Amino acid sequence: PYLLLRNNFCYIQIRMGKKLVIGSSGQIGVELIEQLAKDFGANQIIAADIKSVLKGKNSAVEYVTLDILDKEKLLKIIKEHNISEVYLLAAMLSAIAEKNIQLAWDLNMKGLLNILDLAKEKYIEKIFWPSSIAVFGPTSPKLNTPQSTLLEPNTVYGISKMSGERWCEYYFLKFGVDVRSLRYPGILSYKSPPGGGTTDYAIEIFHAAINHGFYDSFISEEVTLPMVYMEDAIRATTEIMQADRKNLSINSSYNLAAISFNPEEIANEIKLIFPEFKITYSPDFRNKIALSWPSTIDDSFARKDWGWKHDFDLKKTIIEMVNGIKNSGFN
Ligand code: SER
């Protein structure tokens, strides 16, 4: 089936196929699959991950094993399942990428280029690719960091995300590839663990508080980072994918903001629920990464262009995290 859309000049035909989520066992993948299955029907979603033991499996969704660097298999899956939309979530996060430089670059960059090329060759109609606050570096403004500013990231992950953004814009302007992207802040969630990021401390702290009453933070007490609760991050993702392309003035990746806090502030909030909770600080190499990132983000383009608005403030996020981990979270 095709959808007929009209732009300023002519009608364009969009092929309506299934949605492929790559990195389906990851922190975002597990929850995005649930949302997409709810919105479009489980039979419209194909979940792919490099791991064959798939975590958080939704029994109504079809799962396949895929290494994103295997372009041949990727194309085979796209053809076989009539895929028109790809969510490329497979990536190596900031902390773990510092320990696997070449693999991180290959995965984060070649993975994206494989997908962009298949869209250029018209095998795919639309792409979602996450960028990150890691595109910013020590020379970017720290407060209310603007959409367009100096981008001199000094981590492997940040360099890959920054370059990825450039490629996304290039493929859009040069080949008309419809790729949409958000610069996610640290994402707080409890259903599936994050895979080796710097902002992971803000998830670990909840597990530690609930299970041990004590947390030794690898980020020092005063380092403020931007964060978002998963439900908001997922809604931002589905909203930008549904937005009318002609309203999108940013063709690389949108700044996205919700809440910002430092370890001391989150620890104080947790103490209101668990008065015995204790925190100590042993900053390691990840603290240096955190120090190179913004504290707060100006996301006015997202708010203006496609109506982004976060729903979960700090208090609401904390309640969700505590209840979620107590009732059903991973340990
Ligand atoms: N949460 C990510 C990380 O810490 C940033 O995008 O690596």
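Remember, predicted model here, so these are calculated numbers, not experimental data. The chain is numbered in sequence order, starting from 1.
Of the N and O atoms on the side chains of D39 and Q35, at least one donor lies less than 3.5 Å from an acceptor on the other residue.
A perpendicular orientation is assigned to the rings of Y201 and F261, their planes being inclined by more than 60° (bins at 30° and 60°). Using cut-offs of 30° and 60° for the angle between ring planes, the W308 and H310 rings count as tilted. A tilted orientation is assigned to the rings of F128 and Y87, their planes being inclined by 30° to 60°.
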Worked verdict on V21 versus L36 for side-chain contact (heavy atoms from CB on, under 4.5 Å): CA-CA 9 Å; V21 178; L36 293 176; 3.7 Å; yes

Step-by-step side-chain contact (heavy atoms from CB on, under 4.5 Å) determination, I279 to I205: CA-CA 9 Å; I279 184 163; I205 196 171; 3.8 Å; yes

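Without hydrogens or angle criteria, N154 side chain to G137 main chain gives no donor-acceptor distance under 3.5 Å. When atom types are taken as modelled, the side chain of S24 and the backbone of A48 share a donor-acceptor pair closer than 3.5 angstrom. For the pair S295 (side chain) and T224 (backbone), a donor-acceptor distance under 3.5 Å is present. A donor-acceptor pair under 3.5 Å is absent between the side-chain atoms of N255 and the main chain of A302, judged by distance alone. No donor-acceptor distance shorter than 3.5 angstrom exists from the side chain of N100 to the backbone of L103, with no hydrogens or angles considered. Judged by distance alone, with hydrogens and angles left aside, the side-chain atoms of K73 form a donor-acceptor pair with the main-chain N or O of T65 at under 3.5 Å. K161 places a side-chain N or O within 3.5 Å of a backbone atom of P130 that can act as its donor or acceptor partner. S140 places a side-chain N or O within 3.5 Å of a backbone atom of L150 that can act as its donor or acceptor partner. T145 contributes a side-chain N or O that, together with a main-chain N or O of T296, makes up a donor-acceptor pair within less than 3.5 Å.
When each of K18, K19, R180 is tested with E85 by the rule salt bridge (Lys or Arg N to Asp or Glu O under 4.0 Å), just one qualifies, namely K19.
In this structure, D232 does not pair ionically with K309, as no charged nitrogen and carboxylate oxygen lie closer than 4.0 Å.
Around atom CD of E72, no more than 12 heavy atoms belonging to other residues, nucleotides or ligands sit under 6.0 Å away.
For the pair R166 and Y171, the cation-pi test (distance below 6.0 Å, angle within 45°) is failed. Taking the ring axis of Y170 as reference, the NZ or CZ atom of K174 does not stay both within 45° of it and closer than 6.0 Å to the ring centre. Relative to the ring axis of F214, K278 does not place its NZ or CZ within 45° and under 6.0 Å from the centre.
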